[in-house]
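Only one structure is covered here, and it is reproduced in the block below.
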2 protein chains.
Amino acid sequence: MTARTYGQYCGLAAALDVLGERWTMLILRELALGPKRYSDLLERLPGIGTNLLAARLKALDAAGVVHRPDAAGYALTPRGEQLRPALDSLARWGWELLPDQPKAGSVRAPWAAMLMRAQMEASGGPGVAAIVDFDVGGERFWLRADAERADLRDGPAPVRADVTARCDLPTFTALATGRTDAREAIRSGALEIEGDRRLLEQLLRRFRLPARTNLSSMPGFPGRMRNL
Amino acid sequence: MTARTYGQYCGLAAALDVLGERWTMLILRELALGPKRYSDLLERLPGIGTNLLAARLKALDAAGVVHRPDAAGYALTPRGEQLRPALDSLARWGWELLPDQPKAGSVRAPWAAMLMRAQMEASGGPGVAAIVDFDVGGERFWLRADAERADLRDGPAPVRADVTARCDLPTFTALATGRTDAREAIRSGALEIEGDRRLLEQLLRRFRLPARTNLSSMPGFPGRMRNL
DNA sequence: CTGCATCCGCCTCGATACTG
DNA sequence: CAGTATCGAGGCGGATGCAG
């Protein structure tokens, strides 16, 4: 009954009173890619439990972070959209914790794409204006970039894209981590392009994630960490 | 035994695997103000419970976020310091959730000061270089500002400050929220200054927090929210 | 079928008591 | 001072039920 709040007059504590419970920020991550229905969220958040998702959505609605534009479907409110810098910042910090090689089934292309978008914005912006339509192993999402900012949504692009890129998930993660580049992937046939090839190459160059210090070599590891 | 992780190859999920449990980010907030001992943390985190604090510190140590420079005392590692932008971002988002009037006992001057520092950095930087020593109701902390960034630590300034400011907590929150300004507070005697008065006035102008939309007037309020 | 609510076992949390 | 041990209450995860 007595909702567990920190009761501190502090911005961080107040934010965590709303966002701090398990799964909450991950729900918002999914909704940041576009509106979704209850069952969409369930399938993208493996392990969450149906009751918990319902409870979180209700709480987020009450907090003014999420709303229901139509009867079936949840979306971020403007207040929820304002969370993006914070989620980006956390994601960039967490990126360095991830192992070099993802465990099978733990990767979703949009998650990597979100990270790359955040990274791009943090390092001076995309630099070019473009709309790119991705198909990564059948998963569709699209990016709208301008000089400083980039926006990422799932689903197919609702407008005509400048470039269309199709590849499988391993290729995409290889592109993301810089283990390969666009030119090479195209040459090997792993990446299929339609439209302005140079635009995509330009973007992917800015898209690259920073190298990670390998955690397994850190003192005190493993503690209670990762099991991807 | 099986530490509850999300198991997603996603920066945000990885960050939350380390930071997502209750109290963790608030511990880091405290350590971001400077190294502290176990009992210092206990007293600044009312309600945390001794076992939980010990467990969190152990986990954060294992994760490479916190370390113990000397036998009794915890501090952020460089990796922990890198969390500042993320904590700042969350704090700025959460600021707008706070009620205009804090409940008695729920305010700590450094929390407001942290928020002001984050706000200052986000809106173009302090603009001036200065070291300011604060004494707010007996609580000491100091700010080192340059054109773009600002650093805030608790305790008295270890170097000679350009300005020394002394006031009580209500005056400080009034300054923070813009309900009063430095000139007025000095004139009324609520704020005592030693040193370069104009420097402080300049800083405090950049220090002001944005106005908040009053939550209580929002649809769906109260849901499960604040009880400060 | 989607969108939950209910129930159940376990784990986390918070409070208190106790120890080196 | 700096934690560990213990225990009740509640949050979480999984399975199942059920209404629209």
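Keep in mind the model is a prediction, meaning the values are calculated, not measured. So that the names make sense, note that chain A is the first sequence line, chain B the second, and so on, each numbered from 1.
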Next item on the list: Looking only at non-hydrogen atoms, find the nearest pair between Tyr9(A) and Pro99(B) and report the distance.
Entry: OH-O, 2.8 Å
In whole angstrom, what separates [X]'s [atom1] from [N]'s [atom2]?
X        : N       : atom1 : atom2 : value
Glu21(B) : dG10(D) : CD    : P     : 21 Å
Leu26(B) : dG14(C) : CG    : P     : 11 Å
Ile27(A) : dG3(C)  : CD1   : P     : 14 Å
Leu53(B) : dC13(C) : CG    : C1'   : 13 Å
Leu57(A) : dG3(C)  : CG    : P     : 10 Å

Note to self: Quick check on contacts: within residues 32-52 of chain A, what sits under 4.0 Å from DNA chain C by heavy-atom distance?
What the structure shows: Arg37(A), Tyr38(A), Ser39(A), Thr50(A), Asn51(A)
Considering only NZ, NE, NH1 and NH2 on the basic side and carboxylate oxygens on the acidic side, decide whether [X] and [Y] come within less than 4.0 Å.
X         : Y         : value
Asp133(A) : Arg140(A) : yes
Asp154(A) : Lys36(A)  : yes
Asp17(A)  : Arg4(A)   : no

Is [X] near enough to [N] that one of its side-chain N or O atoms lies under 4.0 angstrom from OP1 or OP2?
X        : N       : value
Trp23(B) : dT12(C) : no
Lys58(A) : dG3(C)  : no
Arg4(B)  : dC12(D) : no
Arg22(B) : dG14(C) : yes
Arg68(B) : dG3(D)  : yes

Check: Which word best sums up how the rings of Phe172(B) and Phe141(B) line up, parallel for under 30°, tilted for 30 to 60°, or perpendicular for over 60°?
Finding: perpendicular
Note to self: For the residue pair Arg22(B) and Tyr6(A), would you count it as a cation-pi contact if the rule is NZ or CZ under 6.0 angstrom from the ring centre and within 45 degrees of the ring axis?
What the structure shows: yes
